[in-house]
Engineer: 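Structure in structure tokens, see below.
Positions are given from 1, in the same order as the sequence printed here. Every heavy atom of this structure was used, including side-chain atoms; hydrogens, water molecules and symmetry mates were not. Just so you know, ligand 1 is whichever comes first in the structure, and atom 1 is the first atom listed for that ligand.
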Amino acid sequence: MTDQVTIDHMLALAKDMTKRSYAPYSHFHVGAALLCDDGAIYTGCNIENASYGGTNCAERTAVFKAVSEGYRHFSALAIAGGPEGVIGEACPPCGICRQVLSEFCDADMPIYLAKAEGYDEYTLGQLLPLTFDLLEK
Ligand code: THU
């Protein structure tokens with residue numbers, strides 16, 4: 001259970017990370033904040049590439065930063081995104097990010113999606129039912 005202060009902090013970090021977004025092609029700026037089980041938070045932004053396929057989403061940037069620093073257990077994720085970084089509707093994670101999250105996160109992990117006013121909340125399992133998985137968890 002993530003407390004409200006932490007949720008609000010994560011949403012603020014995710015919104016702030018949209019400023020780091022490198023999105024000269026889509027102009028869609030995304031930020032993410034990933035809460036580790038010891039309370040550490042790793043942030044990320046989307047980083048686009050002229051090849052398009054080389055683009056990395058904000059959520060995966062945050063996951064890869066955290067995993068590369070030794071974290072493998074996560075308890076919540078906040079995402080903020082919109083055209084030119086203007087947050088309007090909730091920005092749900094893409095399918096590739098949902099699959100990458102499922103590698104390290106439980107199905108009941110909450111995902112908070114920033115909106116112009118407030119946020120929506122889902123679990124990873126709601127966003128990715130019938131998950132493909134090769135490992136016993
Ligand atoms: N994007 C993310 O960063 N996260 C998502 O889950 C959805 C899409 C980025 C990728 C690309 O840079 C831009 O948003 C438009 O698709």
Side-chain angles (χ1 to χ4, degrees):
M1 187 65 188
T2 317
D3 63 83
Q4 194 60 48
V5 171
T6 303
I7 293 170
D8 292 343
H9 180 51
M10 292 176 66
L11 286 164
L13 287 173
K15 285 180 190 170
D16 209 45
M17 283 304 290
T18 63
K19 297 174 196 157
R20 298 260 175 93
S21 162
Y22 177 73
Y25 305 105
S26 75
H27 301 278
F28 196 89
H29 296 209
V30 186
L34 182 65
L35 180 65
C36 303
D37 59 354
D38 71 350
I41 296 176
Y42 279 83
T43 57
C45 63
N46 57 328
I47 304 168
E48 296 188 344
N49 187 269
S51 71
Y52 291 14
T55 293
N56 207 56
C57 290
E59 301 89 324
R60 276 176 289 144
T61 302
V63 170
F64 296 154
K65 280 171 68 178
V67 172
S68 67
E69 293 297 323
Y71 288 94
R72 291 186 181 177
H73 302 284
F74 307 109
S75 35
L77 173 70
I79 306 166
E84 308 294 353
V86 177
I87 312 300
E89 296 300 308
C91 173
C94 79
I96 297 172
C97 288
R98 295 178 199 204
Q99 182 67 35
V100 168
L101 288 162
S102 77
E103 188 74 27
F104 299 103
C105 310
D106 295 335
D108 64 354
M109 187 189 80
I111 297 178
Y112 306 105
L113 306 179
K115 300 197 290 187
E117 297 292 331
Y119 62 92
D120 288 340
E121 177 177 347
Y122 298 90
T123 64
L124 179 59
Q126 285 176 309
L127 297 182
L128 189 67
L130 207 64
T131 306
F132 177 73
D133 189 4
L134 293 175
L135 300 175
E136 291 290 329
K137 285 193 180 151

Engineer: For Ser21 and Asn46, what are the C-alpha separation, side-chain angles and deciding distance, and is it a side chain to side chain donor-acceptor pair (under 3.5 Å)?
Structural biologist: CA-CA 5 Å; Ser21 162; Asn46 57 328; 2.7 Å; yes
Engineer: Among Leu113, Leu128, Leu77, find the residue that satisfies the side chain to side chain contact (heavy atoms under 4.5 Å, CB included) test when tested with Pro93.
Structural biologist: Leu113
Engineer: Evaluating non-hydrogen atoms only, which member of Cys57, Ala23, Ser21 is closest to atom 1 (N) of ligand 1?
Structural biologist: Cys57
Engineer: Considering only protein heavy atoms, which is closest to atom 15 (C) of ligand 1, and at what distance to one decimal place?
Structural biologist: Ser26 OG, 3.6 Å
Engineer: What's the spacing between Thr131 OG1 and Glu103 CD if we round to 0.5 Å?
Structural biologist: 11.0 Å
Engineer: Below 4.5 Å, heavy atoms only, C-beta onward: do Cys94 and Glu59 meet side chain to side chain?
Structural biologist: no
Engineer: I need the atoms of ligand 1 closer than 4.0 Å to a non-hydrogen atom of Asn46, numbered in the order shown.
Structural biologist: 3 (O), 9 (C), 11 (C), 12 (O), 13 (C), 14 (O)
Engineer: I need the nearest protein heavy-atom contact for atom 3 (O) of ligand 1: residue, atom name and distance, please.
Structural biologist: Ala58 N, 3.0 Å
Engineer: Should you measure from each heavy atom of Cys94, which atoms of ligand 1 turn up under 4.0 Å away?
Structural biologist: 5 (C), 6 (O)
Engineer: Out of all atoms in ligand 1, which are within 4.0 Å of some heavy atom of Pro93? Include the element for each.
Structural biologist: 6 (O)
Engineer: For atom 12 (O) of ligand 1, what is the nearest protein heavy atom, given as residue, atom name and distance?
Structural biologist: Glu48 OE2, 2.5 Å
Engineer: Is it the case that the side chain of Asp106 and the backbone of Asp108 share a donor-acceptor pair, with hydrogens and angles ignored and the cut-off at 3.5 Å?
Structural biologist: no
Engineer: Considering the heavy atoms of Glu59, write down every atom of ligand 1 situated less than 4.0 Å from one of them.
Structural biologist: 2 (C), 3 (O), 4 (N), 5 (C), 6 (O)
Engineer: Report yes or no: does Gln99 contribute a side-chain atom to a donor-acceptor pair with the main-chain N or O of Ile96 at less than 3.5 Å?
Structural biologist: no
Engineer: Does ligand 1 have any atom that is closer than 4.0 Å to a heavy atom of Pro92?
Structural biologist: yes
Engineer: Is the Tyr52 ring parallel, tilted or perpendicular to the Tyr25 ring (thresholds 30°, 60°)?
Structural biologist: tilted
